[in-house]
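Data first, discussion second: the structure below is written as structure tokens.
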Amino acid sequence: MVGTHRCLDFVNTEIIERGRRVDLLRDFADLVGWLEQAHVLSGARAKQMLRRWGRTSNGAGALSEARAFRRVLREMVEGIVHGKRPSALVLDKINALLRCRTGDVALVRTRHGFERRVSFQPRDPRHLLVPLAESASDLLCHGDLSLILKCENPRCILYFYDATKNHARRWCSMAVCGNRMKVAAHYRRRRRSLTASGGRTGRRRLTPQ
């Protein structure tokens with residue numbers, strides 16, 4: 001979860017591993033597990049969804065629709081990074097899911113007064129994607145789109161929203177891509193320095209005494 005926004009984290013369920021593109025959503029259980037990890041579903045609700053739709057055609061259909069919506073979100077994010085406005089097709093897909101909103105509304109007492117709370121109640125497997133559409137809508141309406149960035153590692157396909165104070169974030173993860181790119185940059189600088197000084201970067205050759 002490096003995207004800062006839920007919809008970006010969902011786009012990031014496709015990664016590059018050992019030079020190959022890997023889909024982290026291999027089945028409906030993976031989708032439900034990710035939604036639990038992203039705090040869309042509670043543990044109890046996730047188990048309920050698996051009992052209801054796991055290993056069914058409904059679950060398989062929801063997974064297929066989730067992957068299709070992920071492609072839409074990736075198109076949206078890639079376009080924004082390159083200075084393009086989201087297409088009408090992207091907005092239509094988001095709006096189609098927003099129209100599927102379901103939930104129970106309750107008025108609850110708080111320490112400072114009252115609050116209206118909406119509990120997520122998916123009644124169809126497609127409804128599991130509604131919070132992702134809501135996240136995308138929130139990002140487009142309230143986010144600074146110039147802060148949606150791609151990791152600067154050219155081999156990485158992850159995106160994030162730069163919420164750092166000075167907006168200087170460059171990597172999906174400093175511990176992974178950031179460290180790799182720093183090591184690579186250090187190696188390139190060392191090679192240039194050795195080349196400029198006439199040094200050798202290859203293996204030392206031993207000569208007989």
Side-chain angles (χ1 to χ4, degrees), residues 1-16 21-25 30-42 45-46 62-103 105 115-122 124-154 156-174 176-178:
M1 298 295 179
V2 299
T4 308
H5 268 264
R6 184 177 286 155
C7 62
L8 298 180
D9 283 322
F10 186 61
V11 170
N12 292 342
T13 55
E14 281 187 301
I15 64 173
I16 298 296
R21 201 180 190 102
V22 175
D23 189 346
L24 300 181
L25 304 181
D30 284 339
L31 174 61
V32 171
W34 184 88
L35 291 170
E36 181 183 356
Q37 186 181 359
H39 304 294
V40 173
L41 298 173
S42 65
R45 183 57 59 81
L63 175 64
S64 179
E65 189 158 355
R67 288 170 171 169
F69 188 55
R70 182 179 59 189
R71 287 193 296 271
V72 169
L73 293 179
R74 180 174 289 280
E75 175 191 325
M76 178 189 83
V77 173
E78 287 176 347
I80 289 173
V81 168
H82 290 93
K84 299 178 182 178
R85 294 170 62 86
S87 68
L89 175 62
V90 168
L91 299 183
D92 287 345
K93 294 294 186 181
I94 293 173
N95 283 328
L97 284 171
L98 291 179
R99 286 192 288 268
C100 295
R101 283 178 176 171
T102 61
V105 182
E115 185 177 288
R116 190 171 68 113
R117 293 181 182 172
V118 179
S119 60
F120 181 46
Q121 300 287 346
D124 182 277
R126 188 186 190 211
H127 297 164
L128 294 172
L129 304 181
V130 172
L132 304 177
E134 291 176 337
S135 174
S137 173
D138 180 67
L139 180 60
L140 292 177
C141 292
H142 306 295
D144 182 343
L145 302 189
S146 68
L147 299 180
I148 299 176
L149 304 171
K150 179 186 173 297
C151 177
E152 288 192 15
N153 180 355
C156 182
I157 59 172
L158 302 190
Y159 291 87
F160 58 86
Y161 186 87
D162 185 2
T164 59
K165 187 174 181 179
N166 59 354
H167 302 313
R169 184 177 172 185
R170 300 173 60 192
W171 323 108
C172 62
S173 167
M174 191 62 221
V176 182
C177 283

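None of the values given here were measured: they were computed from a predicted structure.
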Between [X] (side chain only) and [Y] (backbone N and O only), is there a donor and an acceptor less than 3.5 Å apart?
| X | Y | answer |
| --- | --- | --- |
| Asn12 | Tyr159 | yes |
| Lys150 | Cys156 | yes |
| Arg126 | Glu65 | no |

- Under the side-chain contact (heavy atoms from CB on, under 4.5 Å) test, residues paired with Ser87 that sit two or more places apart: Glu75, Leu89, Val90

- Item | Set of residues satisfying side-chain contact (heavy atoms from CB on, under 4.5 Å) with respect to Gln121, sequence neighbours excluded | Arg45, Asp104, Ser119, Arg123

Rounded to the nearest 0.5 Å, what separation is found between the [atom1] atom of [X] and the [atom2] atom of [Y]?
| X | Y | atom1 | atom2 | result |
| --- | --- | --- | --- | --- |
| Gln37 | Thr13 | CD | OG1 | 11.0 Å |
| His39 | Phe120 | NE2 | CZ | 15.0 Å |
| Ser135 | Ile94 | OG | CD1 | 9.5 Å |
| Leu73 | Cys7 | CG | SG | 6.0 Å |
| Leu91 | Ser137 | CG | OG | 9.5 Å |
| Arg170 | Asp162 | CZ | CG | 12.0 Å |

- Query: What residues form a side chain to side chain donor-acceptor pair (under 3.5 Å) with Ser146, not counting sequence neighbours?
  - Reply: Asp144

- Verdict with supporting geometry, Arg74 and Ile157, side-chain contact (heavy atoms from CB on, under 4.5 Å): CA-CA 10 Å; Arg74 180 174 289 280; Ile157 59 172; 4.1 Å; yes

Should [X] and [Y] count as side-chain neighbours, where that means a heavy-atom distance under 4.5 Å?
| X | Y | result |
| --- | --- | --- |
| Arg21 | Ile16 | yes |
| His127 | Asp124 | yes |
| Thr4 | Leu147 | no |
| Trp171 | Leu158 | no |
| Phe10 | Leu31 | yes |
| Ile148 | Val81 | yes |
| Leu97 | Leu132 | no |
| Leu41 | Val32 | yes |

- Query: Among all residues two or more places apart in sequence or in another chain, which pass the ring-ring contact (aromatic ring centres under 6.0 Å, His included) test with His5?
  - Reply: Tyr161

- With Phe160, which residues qualify under ring-ring contact (aromatic ring centres under 6.0 Å, His included), at least two apart? none

- Task: Evaluate the criterion side-chain contact (heavy atoms from CB on, under 4.5 Å) for residue pair Arg169 and Leu149; output intermediate values, then yes/no.
- Result: CA-CA 9 Å; Arg169 184 177 172 185; Leu149 304 171; 5.6 Å; no

- Query: Considering residues, nucleotides and ligands other than Arg85, do more than 12 of their heavy atoms fall under 6.0 Å from its CZ?
  - Reply: no

- Task: For Arg71, enumerate each residue passing the salt bridge (charged side-chain N to carboxylate O under 4.0 Å, His left out) test, keeping only those at least two apart in sequence or located in another chain.
- Result: none

- Message: side-chain contact (heavy atoms from CB on, under 4.5 Å), that's the test. Do Leu140 and Ile80 meet it? Break it down for me.
- Response: CA-CA 10 Å; Leu140 292 177; Ile80 289 173; 3.9 Å; yes

- Between Glu134 and Arg101, is the closest basic N to carboxylate O distance under 4.0 Å? yes

- Write down the atom of Cys172, the atom of Val2, and the distance for their closest heavy-atom approach. O-CB, 3.4 Å

- Query: How far apart are the closest heavy atoms of Pro131 and Leu128, and which atoms are they?
  - Reply: CD-O, 3.4 Å

- Message: Please determine whether side-chain contact (heavy atoms from CB on, under 4.5 Å) holds for the pair Val72 and Met76, giving the CA-CA distance in whole Å, both sets of side-chain angles, and the decisive distance to 0.1 Å.
- Response: CA-CA 6 Å; Val72 169; Met76 178 189 83; 5.7 Å; no

